[in-house]
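Everything on this sheet refers to the single structure shown next.
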Amino acid sequence: MIRGYAVRLAALVLAAALTATACSGGDDAPARPEPVAGGAAALPGPAPAGLALRPAPPGGPGAPAVTGVLTDGTPVALADLWADRPVVLVFFTSWCALCADRQAALGELARRHRDEVVFVGVATGDKPEDVQRYLREHRVGYPVVLDADGGIWRSYAVREPPAVVVVAKGGALLRGWPGGVDAATLDAELRRLVLAP
């Protein structure tokens, strides 16, 4: 009887120790890798039902329907993104001081319009680890394409950062700002060009 009690007690102690380790993560538990900023997890879900958008003006040029790779290696086609809502392309580099100065306000604008407009960053001339540092430091919550050879930048005639481009649902090129744009101006233009009142 004492032996059975000792076995049960040992089993209870072992179960309690395992539970405590599982709940606390344990000192020996492997650290979970931090998710890659700007990757597929930042892509938008389906457009909300009944999303009201202004039609693109007729006869405008089409935006280059390029493809690229997100920071986590996920392939993305811009045409897939603008199939159901407008897209704002934010061309930047991690070393661009003006990009960094405007990023917090652009990020807030992207969060405010996340159901209506897809923001996509396009980085070139950077090491992936420098882009990750920039995205984390500035809390960039939208997907980011790594344009390693600068092909996407050239397609949009971007020569230096920052630059911002607005593409209508369906792919019409609406507006671009070489040298970038402040968030208040971009917000006003989004309301004028793509968002229905």
Side-chain angles (χ1 to χ4, degrees), residues 36-44 56 60-72 74 76-82 85-114 116-169 171-195:
V36 177
L43 286 168
V66 295
T67 59
V69 177
L70 297 178
T71 56
D72 64 356
T74 302
V76 65
L78 294 184
D80 290 344
L81 297 178
W82 67 53
R85 67 189 118 187
V87 171
V88 172
L89 299 173
V90 180
F91 295 88
F92 75 98
T93 61
S94 67
W95 45 264
C96 168
L98 185 55
C99 301
D101 289 345
R102 291 181 171 168
Q103 186 57 62
L106 284 176
E108 176 55 36
L109 187 63
R111 282 186 288 280
R112 191 176 331 138
H113 293 301
R114 70 177 163 247
E116 306 157 318
V117 179
V118 179
F119 278 65
V120 178
V122 185
T124 196
D126 264 313
K127 295 178 184 172
E129 58 270 22
D130 292 336
V131 173
Q132 280 300 297
R133 179 189 46 75
Y134 178 93
L135 299 180
R136 292 186 195 292
E137 185 177 308
H138 297 286
R139 296 182 180 147
V140 177
Y142 47 79
V144 174
V145 174
L146 295 177
D147 186 20
D149 66 358
I152 298 173
W153 280 45
R154 284 190 299 277
S155 295
Y156 281 86
V158 176
R159 294 190 176 140
E160 61 184 45
V164 175
V165 173
V166 177
V167 181
K169 175 183 173 182
L173 189 58
L174 295 178
R175 180 78 202 265
W177 291 270
V181 64
D182 63 88
T185 302
L186 179 56
D187 188 33
E189 286 296 282
L190 288 174
R191 293 175 191 284
R192 185 179 74 82
L193 294 170
V194 298
L195 301 176

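- Smallest separation of non-hydrogen atoms from Glu116 and Pro86: O-CD, 3.2 Å.
- Contact annotation: the side chain of Val144 never approaches that of Val122 to less than 4.5 Å [non-hydrogen atoms, C-beta and beyond].
- Shown here for Pro64 and Ser155, the closest heavy-atom pair between the two residues is CG-O, 3.3 Å.
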After noting the C-alpha distance and the side-chain angles of Phe119 and Leu109, does the key distance pass the side chain to side chain contact (heavy atoms under 4.5 Å, CB included) rule? CA-CA 9 Å; Phe119 278 65; Leu109 187 63; 4.1 Å; yes
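- Atoms CG and CD1, from Leu89 and Ile152 in turn, are 8.5 Å apart once rounded to the nearest 0.5 Å.
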Would you check, one step at a time, whether the test side chain to side chain contact (heavy atoms under 4.5 Å, CB included) holds for Phe92 with Leu135? CA-CA 11 Å; Phe92 75 98; Leu135 299 180; 4.0 Å; yes
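- Within the 4.5 Å cutoff, the side chain of Asp130 has no heavy atoms near those of the Trp95 side chain.
- For Pro178 against Ala163, the heavy-atom pair with the smallest separation is CA-CB, 4.4 Å.
- Within 6.0 Å of atom CD in Glu160, 12 or fewer heavy atoms from other residues, nucleotides or ligands are found, so the atom counts as exposed in its surroundings.
- Counting only distance, with no hydrogens or angles, the side chain of Arg139 and the backbone of Gln103 share no donor-acceptor pair below 3.5 Å.
- Rounding to the nearest 0.5 Å gives a distance of 5.5 Å between OH of Tyr142 and CG of Leu106.
- Proximity of Val88 to His113: side-chain heavy atoms (C-beta onward) are nowhere separated by under 4.5 Å.
- When all heavy atoms are compared, the tightest approach of Gly38 to Leu70 is O-CB, 3.8 Å.
- Note: Thr124 OG1 to Phe91 CZ = 10.0 Å, rounded to the nearest 0.5 Å.
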What do the steps show when you test Val166 against Val117 for side chain to side chain contact (heavy atoms under 4.5 Å, CB included), and what is the final call? CA-CA 10 Å; Val166 177; Val117 179; over 6 Å; no
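- We find the NE2-CG distance between His138 and Asp101 to be 8.5 Å, quoted to the nearest 0.5 Å.
- Atom CG of Leu78 and atom OH of Tyr156 lie 5.0 Å apart (nearest 0.5 Å).
- Nearest heavy-atom pair across Gly39 and Thr71 is N-OG1, 3.1 Å.
- In this structure, the separation between OG on Ser94 and CD on Gln132 is 11.0 Å, given to the nearest 0.5 Å.
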Go through Leu81 and Leu43 one step at a time and tell me if the side chain to side chain contact (heavy atoms under 4.5 Å, CB included) criterion holds. CA-CA 9 Å; Leu81 297 178; Leu43 286 168; 4.1 Å; yes
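- The minimum heavy-atom distance between Val145 and Gly68, with the atom names listed, is CG1-CA, 3.9 Å.
- A distance-only check finds no donor-acceptor pair linking the side chain of Thr93 to the backbone of Gly125 [under 3.5 Å].
- Side chain of Asp72 to main chain of Ala40: a donor-acceptor pair is present (N/O by atom type, distance under 3.5 Å, no hydrogens or angles).
- Counting heavy atoms from C-beta on, the side chains of Leu186 and Trp177 come closer than 4.5 Å.
- Applying the salt bridge (Lys or Arg N to Asp or Glu O under 4.0 Å) test to pairs two or more places apart or on separate chains, those with a residue in residues 176-191 are Arg112-Asp187, Arg175-Glu189, Asp187-Arg191, Glu189-Arg192.
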